[in-house]
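Reading through the structure tokens given below for one structure.
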Amino acid sequence: MCGRYSLFSPREEIETRFDAEFSFDYESRYNAAPSQDLPVITDESPGTIQRMEWGLIPTWADSRTDHGHINARAETLAEKRSFAEAYESRRCLVPADGFYEWVETSGGKQPYRVALPDDDLFAMAGLYERWKPPQRQTGLGEFGASGGDSGGEDDIVESFTIVTTEPNEAVADLHHRMAVILDPSEESTWLRGSADDVATLLDPYDGSMQTYPVSSAVNSPANDSPELIEPVG
DNA sequence: CCAGACGTTGTT
DNA sequence: GTCTGG
DNA sequence: CCAGACGTTGTT
DNA sequence: GTCTGG
């Protein structure tokens, strides 16, 4: 995976599975796309499922539109300037029940859905960041007239990225990268462990998965309905 | 020293 | 072709 | 990830 | 902010 997933399980199932409660009005998503506000769980607030923007904005970014970092390679997390700090102290879980991969064919791109048996919930490994707009240069001095509202709490943007690794056997037929899916027993370590502790968690998912072609309706992020997860062909 | 980049994917 | 928006 | 835009001047 | 390139 990389760029599109689903989270349609009933609210109660998600809350039970992750022992956390939604802090907003949850609605099923069949086509979650980058730049959207999507559910994540952090160690700062492990009992809460909150929303962040998909596409990590580095703290030093000039603009909130610098949010193209939807994925982060597991192999280089600790080295990359955009991710190193978040890898140290801001890891999160990204709840999902499937994701999409596109396979190039003679007739164009065919989307596939990848999921666990029974569409069971899983957590993808994520990193998050808090971005604040750069202070506006007023020229009015340190305590100059208020008029700029830049830098207030309301301007802070929380965003996340999904960690990728090599594909497992099921996904290798479709793509050469996939999201890191954590074993349930690894989830708390991903949130709370030291960077050394979590390095070993970033391997391809070991369990069985189902993959099947779906409608190209999933191509457009504007579509978001149950038929997107139905098998075709 | 300062300036400029800072990511991934896939495709060529 | 390449960037922006979702 | 894919889809869709990709611009300026002047006028409201 | 911090690292890399010149």
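Below, chain A is the first sequence line, B the second, and so on; all start at residue 1.
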State whether the side chain of T161(A) and the backbone N or O of H69(A) hold a donor-acceptor pair below 3.5 Å, judged by distance alone.
-> yes
Scan every strand shown for a Watson-Crick or G-U wobble partner of dT4(E), both distances under 3.5 Å, and answer none if you come up empty.
-> dA3(B)
How far, in whole Å, is dG7(D) from dG5(C) if one measures between their P atoms?
-> 12 Å
Atom NE2 of H69(A) to atom P of dT9(B): distance rounded to whole Å?
-> 12 Å
Between dC2(D), dG5(C), dT9(B), which one does the side chain of T65(A) approach most closely?
-> dG5(C)
If you look at every strand shown and take non-hydrogen atoms under 4.0 Å, does E104(A) touch a base, only sugar-phosphate, or nothing?
-> sugar-phosphate
To the nearest angstrom, how far is Y87(A) atom OH from dT2(E) atom P?
-> 20 Å
Can you tell me how far P of dG1(E) sits from NZ of K132(A), to the nearest Å?
-> 12 Å
Options dG6(C), dC2(D), dG7(B), nucleotide nearest the side-chain atoms of W102(A) | dC2(D)
Parallel, tilted or perpendicular: ring planes of F99(A) versus F122(A), cut at 30 and 60 degrees = perpendicular
Whole angstrom value for the distance that separates P of dT9(B) from CH2 of W54(A) | 12 Å
Looking at T76(A), does any N or O in its side chain come under 4.0 Å of the phosphate oxygens OP1/OP2 on dT8(B)?
-> yes
Report which part of the nucleic acid L56(A) touches: base, sugar-phosphate, or nothing (heavy-atom distance under 4.0 Å, all strands).
-> nothing
Which part of the nucleic acid, if any, lies within contact of W60(A), taking any heavy atom under 4.0 Å across all strands shown: a base, the sugar-phosphate backbone alone, or nothing?
-> base
Testing dT9(B), dA3(D), dG7(B) for proximity to the side chain of F83(A), the answer is dG7(B)
In whole angstrom, give me the gap between the P atoms of dT11(B) and dC1(D).
-> 8 Å
Using the ring of each side chain (for Trp, its six-membered ring), is W54(A) parallel, tilted or perpendicular to F160(A), with breaks at 30° and 60°?
-> parallel
Which distance, rounded to the nearest 0.5 Å, do you find between the CZ of R90(A) and the CZ of R130(A)?
-> 7.5 Å
Any side-chain N or O of N219(A) under 4.0 Å from OP1/OP2 of dA3(D)?
-> yes
Which whole number of Å gives the distance between the P atom of dT8(D) and that of dA5(B)?
-> 23 Å
Measure the distance from CG on D66(A) to P on dC6(B) and round it to the nearest whole Å.
-> 11 Å
Using the P atom in both, what is the distance from dA3(B) to dG6(C), to the nearest Å?
-> 35 Å
Hey, what's the ring geometry for W102(A) with Y100(A), parallel, tilted or perpendicular (30° and 60° as the breaks)?
-> tilted
Against the side chain of N71(A), the closest entry in dT11(B), dA3(D), dT9(B) is dT9(B)
I70(A) has an atom CD1; how far is it from atom P of dT9(B), in whole Å?
-> 9 Å
Tell me what S216(A) touches on the nucleic acid: a base, only sugar-phosphate, or nothing, going by heavy atoms under 4.0 Å.
-> nothing
Selected nucleotide, minimal atom distance to T164(A) side chain, candidates dG7(B), dT9(B), dC2(D) | dT9(B)
dT8(B) pairs with which nucleotide, Watson-Crick or G-U wobble, both distances below 3.5 Å?
-> none
E129(A) has an atom CD; how far is it from atom P of dG1(E), in whole Å?
-> 13 Å
Have a look at S82(A) and say if it touches a base, only the backbone sugar-phosphate, or nothing, with a 4.0 Å heavy-atom cut-off.
-> sugar-phosphate
Value in whole Å for how far the C1' atom of dC1(D) lies from OH of Y112(A) = 17 Å
The nucleotide from dT8(B), dC1(D), dC3(E) with an atom nearest the side chain of R81(A) is dC3(E)
Does a side-chain N-to-carboxylate-O contact under 4.0 Å join R113(A) and D119(A)?
-> yes
Have a look at P34(A) and say if it touches a base, only the backbone sugar-phosphate, or nothing, with a 4.0 Å heavy-atom cut-off.
-> base
CD (E187(A)) and CE (M124(A)) are apart, to the nearest 0.5 Å, by 12.0 Å
